[in-house]
Participant: 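Got a structure for you, written out below as structure tokens; questions coming shortly.
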Amino acid sequence: AQSVAQPEDQVNVAEGNPLTVKCTYSVSGNPYLFWYVQYPNRGLQFLLKYITGDNLVKGSYGFEAEFNKSQTSFHLKKPSALVSDSALYFCAVRDLGNAGNMLTFGGGTRLMVKP
Amino acid sequence: EAQVTQNPRYLITVTGKKLTVTCSQNMNHEYMSWYRQDPGLGLRQIYYSMNVEVTDKGDVPEGYKVSRKEKRNFPLILESPSPNQTSLYFCASSFKGSQYFGPGTRLTVL
């Protein structure tokens, strides 16, 4: 079975400061990892994904995420937060050996960026 | 424009009255799925379909039905809705593991 944990319900950060949204995962095989963002009253938008290769993945809107196999983590980061980054962020994982293509999502972390 | 569409976007209904939420994608994706989003629980998969006429249960299939008669459409059917099915529903289609989500359908069952 695969699972995802986002340990923080909410992250507060001041505009211009770096931000980190945490995600840890559990899969039996090799992970396929994603971050999505959801703005109010909107659907989920894809931010970035990791399959293989460089552990630091760059995505949309200046976000990046670092894959750490030993810690089974895939934390989302941004060097300088914007007020417009305030949204709900979801981490998701798929076991690459899972032919069913099923994604498992974390519970979500609300990011609040204050001016 | 590549997209996933859902209808209706908002629906208020009563217990026991059958309803269907439609989902359509124009990207020729084989894999489609339905999720429900509830506070603190993230997104949970209801059903998925790997291709036409191939559907399977996700994590929370009870009370739902789906069909996949053609590649582009994947309707979600609630035969007898109950208040615990009040939720925000998302349809998604997938290619090489990347999911593309519809705008969501907010369903309230009274």
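Just so we're clear, the structure is a prediction, and the values are computed from it rather than from any experiment. Side chains are part of it too, since the values below use all heavy atoms of this structure and drop only hydrogens, waters and symmetry mates. Letters go in sequence order (proteins before strands), and every chain restarts at 1.
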Participant: Where the side chain of Ser73(A) meets the backbone of His75(A), is there a donor-acceptor pair that is under 3.5 Å apart?
Facilitator: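 It does not hold such a pair.
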Participant: Quick one: what part of Gln37(B) sits under 4.5 Å from any heavy atom of chain A, side chain, backbone, both or neither?
Facilitator: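 For Gln37(B), side-chain heavy atoms alone lie under 4.5 Å from chain A.
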Participant: Can a donor-acceptor pair be found, under 3.5 Å and without considering hydrogens, that links the side chain of Ser49(B) to the backbone of Val54(B)?
Facilitator: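 At least one qualifying donor-acceptor pair exists.
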Participant: So which part of Leu41(B) gets closer than 4.5 Å to some heavy atom of chain A, the side chain, the backbone, both or neither?
Facilitator: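 Just its backbone gets close to chain A.
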Participant: Which bit of Arg106(B) comes within less than 4.5 Å of chain A, counting heavy atoms only: side chain, backbone, both or neither?
Facilitator: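 Nothing of Arg106(B), per the 4.5 Å heavy-atom cut-off to chain A.
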Participant: How about Tyr35(B) and Tyr48(B): does a side-chain donor come under 3.5 Å of a side-chain acceptor?
Facilitator: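 The answer is no; no qualifying pair exists.
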Participant: Counting only non-hydrogen atoms closer than 4.5 Å, does Asp59(B) touch chain A with its backbone (N, CA, C, O), its side chain (CB onward), both, or neither?
Facilitator: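 Asp59(B) touches chain A through side-chain heavy atoms alone.
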Participant: Taking side chain as everything from C-beta outward and backbone as N, CA, C, O, which of these in Leu88(A) sits under 4.5 Å from a heavy atom of chain B? Side chain, backbone, both or neither.
Facilitator: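 Leu88(A) touches chain B through side-chain heavy atoms alone.
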Participant: Between the side chains of Lys77(A) and Glu66(A), is the shortest nitrogen-to-carboxylate-oxygen separation below 4.0 Å, so that they form an ion pair?
Facilitator: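 Salt bridge between Glu66(A) and Lys77(A), a charged N being under 4.0 Å from a carboxylate O: yes.
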Participant: Give, as side chain, backbone, both or neither, the part of Gln38(A) having an atom under 4.5 angstrom from any heavy atom of chain B.
Facilitator: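 Side chain only.
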Participant: Just to verify, which of Tyr25(A), Phe34(A), Phe67(A) counts as forming a ring pair (Phe, Tyr, Trp, His ring centres under 6.0 Å) with Tyr50(A)?
Facilitator: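 One option only clears the test, and that one is Phe67(A).
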